[in-house]
Structures are given as C-alpha cells and as structure tokens.
Amino acid sequence: MKETWQVESENGSALENEGPTEGHAGLPAMLVPVFRLYTHGLFALLQLSALERQIFDFLGFQWAPILGNFLHIIVVILGLFGTIQYRPRYIVVYTVWTALWVTWNVFIICFYLEVGGLSKDTDLMTFNISVHRSWWREHGPGCVRRVLPPSAHGMTDDYTYVSVTGCIVDFQYLEVIHSAVQILLSLVGFVYACYVISIFMEEEDTFDFIGGLDAHSYYQDHVTLKPVHLSK
C-alpha cells in the first residue's frame with residue numbers, strides 16, 4: 001500500500017496550486033522574448049559604443065576618458081546582469097552611474113568647446129602627465145599629417161613637429177559628437193532602467209500582498225497535511 005499526502009486548509013478544502021500567468025519581471029509570457037531581445041540589444045549597443053570610444057582614447061593616451069570608459073563598461077555589464085537575473089539593486093547602481101556618466105560627457109563637450117574658461121589645449125585629459133591630445137587631432141577625416149624636422153623651425157631640440165592640414169571636421173567636434181552620442185544612449189538606458197525598476201518593484205509589492213515572505217508561516221499555521229492511503 002502506498003501513502004501520499006494531501007494538503008488541506010483549516011476549512012478542510014484542498015489547496016490547488018495554479019501555474020504562473022506572468023513571465024519574467026511580471027510581464028506577460030508572450031512579451032518575455034521581446035523584453036529580453038530589447039534588453040540585450042540596448043546593452044550591446046551601449047557596450048559597443050563604449051568600446052569604440054575606449055579604443056580611440058587609448059590611441060590618444062587620454063587617461064581620464066580611459067578610466068571613465070572602463071568604469072562605464074563594468075557598470076553596463078552589471079546593469080545587464082541585474083536586468084536578466086532580477087537584481088534591482090544592480091539596476092539602481094547602473095541608474096546612478098548613468099547620471100554621473102551624462103555629467104562627465106557634458107563636461108567633455110564643454111572642455112572641447114572651451115566653455116566656462118576651459119581650454120582643449122591643456123593636459124587635463126591626460127592628468128597632466130603627458131602632452132598627448134585627442135587621436136582625432138591628427139587622424140580625423142581628410143586630415144593630412146606631415147612630420148617636420150626640428151630644423152624647419154630653426155630649433156635644435158629633439159622634439160618632432162607635426163603639421164596637420166585638410167581636415168574635413170576638426171577634432172574637437174568629433175569628440176563632441178562622441179560625447180553627444182554617449183549622452184543620447186545613456187538617456188535611453190536611464191529611462192529603460194527606471195522602467196525595469198518600476199516593474200520589479202510592482203512585482204515585489206504584488207508578491208508581498210499575496211503573502212510574500214510570510215507564505216511559509218502561513219502554511220505552518222493554516223495548512224495541515226493528511227495521509228491518504230492508496231491501494232495497489
């Protein structure tokens with residue numbers, strides 16, 4: 001003879017466990033693939049844009065932007081993990097960082113446009129440890145780079161002089177465009193992150209309303225297990 005257990009409530013009625021009607025993060029099941037596809041696409045775009053900028057900043061030895069890009073890449077990965085793995089705190093970290101990232105890119109725009117007393121000819125982006133400038137200064141679209149010997153300037157030092165002519169777009173405007181793109185993508189990511197956080201919070205509120213973390217104690221107080229004997 002086999003013995004099994006039947007779950008009953010205080011009034012003697014059997015409890016039925018209904019399957020979930022919602023998918024990931026409280027979304028309808030049919031929208032889960034769309035949610036994940038949009039999430040992966042957005043964060044992939046954020047990563048690609050950050051990596052592209054990181055490469056050119058490395059080529060120009062721009063240490064301040066390099067550090068900022070590195071942190072941005074790490075936080076974007078953290079935000080993607082938090083969205084996929086249901087970690088609202090990680091998404092909050094990404095949201096806070098996005099606000100700082102937008103502020104940093106606004107500063108870069110002001111730096112290259114020389115707003116507020118800033119000068120693009122200073123060594124601020126290299127932490128004053130080198131005289132390197134933006135990579136786009138010598139390698140922009142249409143730029144012709146020529147290396148001039150010191151004797152051409154009547155100098156006897158060992159420095160190399162570079163002449164750049166024919167640039168279609170000045171390097172400072174290319175840097176401004178890069179920062180503007182980062183701001184636009186970050187604003188989209190910020191709005192999306194806030195939307196995801198609201199979904200997670202709504203789901204947690206619903207979970208608490210129907211029992212939440214007290215579900216275990218509820219079953220201990222109101223549910224009894226009764227053996228049911230089944231013949232072979």
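Basis for what follows: all heavy atoms, side chains included, without hydrogens, waters or symmetry-related copies.
- In this structure, Leu113 CG and Ile108 CD1 are separated by 11.5 Å, a value rounded to the nearest 0.5 Å.
- Taking the six-membered ring wherever Trp is involved, the centroid distance between the rings of Phe56 and Trp135 falls below 6.0 Å.
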Scan the side chains in residues 38-46 for donor-acceptor partners under 3.5 Å anywhere in the protein, sequence neighbours excluded, and list what turns up.
residue : atom : partner : partner atom : Å
Thr39   : OG1  : Phe35   : O            : 2.7
Thr39   : OG1  : Tyr192  : OH           : 2.3
His40   : ND1  : Arg36   : O            : 3.3

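- Looking at heavy atoms from C-beta onward, Thr95 lies in side-chain contact with Cys194 at the 4.5 angstrom threshold.
- Under the 4.5 Å side-chain criterion, counting only non-hydrogen atoms from C-beta, Asp170 is not in contact with Arg137.
- Residue Cys143 comes nearest to Val164 through the heavy atom pair CB-CG1, 3.9 Å, listed as atom of the first residue, atom of the second, then distance.
- Clustering ILVMFWY residues whenever any of their side-chain heavy atoms sit less than 4.5 angstrom apart, transitively, puts Ile183 in the very cluster that holds Val181.
- Sorted by first and then second residue, the pairs that involve residues 164-189 and meet ring-ring contact (aromatic ring centres under 6.0 Å, His included), not counting sequence neighbours, are Trp136-His178.
- One hydrophobic cluster, built from ILVMFWY side chains closer than 4.5 Å, holds both Ile84 and Phe200.
- Residue Tyr112 holds its OH atom at 9.5 Å from CD of Gln172, rounded to the nearest 0.5 Å.
- A salt bridge links Asp123 with Arg133: the closest approach of a Lys/Arg side-chain nitrogen to an acidic carboxylate oxygen falls below 4.0 angstrom.
- The two residues Leu185 and Ser49 make their nearest non-hydrogen contact at CD1-OG, 3.5 Å.
- In terms of the side-chain hydrogen bond (donor to acceptor under 3.5 Å, both in side chains) criterion, residue partners of Glu114 (sequence neighbours excluded) are, by chain and number, Lys120.
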Show which side-chain atoms of residues 99-107 pair as donor or acceptor with protein atoms under 3.5 Å away, not counting sequence neighbours.
residue : atom : partner : partner atom : Å
Trp101  : NE1  : Gln182  : OE1          : 3.2
Thr103  : OG1  : Ala99   : O            : 2.9
Asn105  : OD1  : Arg53   : NH1          : 2.4
Asn105  : OD1  : Arg53   : NH2          : 3.4
Asn105  : ND2  : Trp101  : O            : 2.7

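- At least one side-chain heavy atom of Thr126 sits under 4.5 Å from a side-chain heavy atom of Gln62.
- Scanning all heavy atoms of the two residues, the minimum distance from Phe111 to Ser119 falls at CE1-O, 3.1 Å.
- Looking only at side-chain heavy atoms (C-beta outward), Cys110 and Leu118 come within less than 4.5 Å of each other.
- Nearest heavy atom pair, residue Leu174 against residue Gly140, reads CD1-CA, 4.2 Å.
- Under the 4.5 Å side-chain heavy-atom criterion for grouping Ile, Leu, Val, Met, Phe, Trp and Tyr, Ile177 is not connected to Leu48 through any hydrophobic cluster.
- The same ILVMFWY cluster, assembled from side-chain heavy atoms under 4.5 Å apart, contains both Tyr86 and Ile91.
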Name each donor-acceptor pair under 3.5 Å that joins a side chain in residues 64-81 to protein atoms two or more places apart or in another chain, with its distance.
residue : atom : partner : partner atom : Å
Asn69   : ND2  : Gln54   : OE1          : 3.1
Asn69   : ND2  : Asp57   : OD2          : 2.8
Asn69   : ND2  : Pro65   : O            : 3.0
His72   : ND1  : Trp97   : NE1          : 3.0

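- Sorted by first and then second residue, the salt bridge (Lys or Arg N to Asp or Glu O under 4.0 Å) pairs involving residues 83-103 (not counting sequence neighbours) form an empty list.
- A side-chain donor-acceptor contact under 3.5 Å links Ser198 to the backbone of Tyr195.
- The structure places CE of Met201 at 7.0 Å from CD1 of Ile197, a figure rounded to the nearest 0.5 Å.
- Atom CH2 of Trp63 and atom CG of Leu124 lie 15.5 Å apart (nearest 0.5 Å).
- Considering only heavy atoms from C-beta on, Cys167 stays 4.5 Å or farther from Val144 through its side chain.
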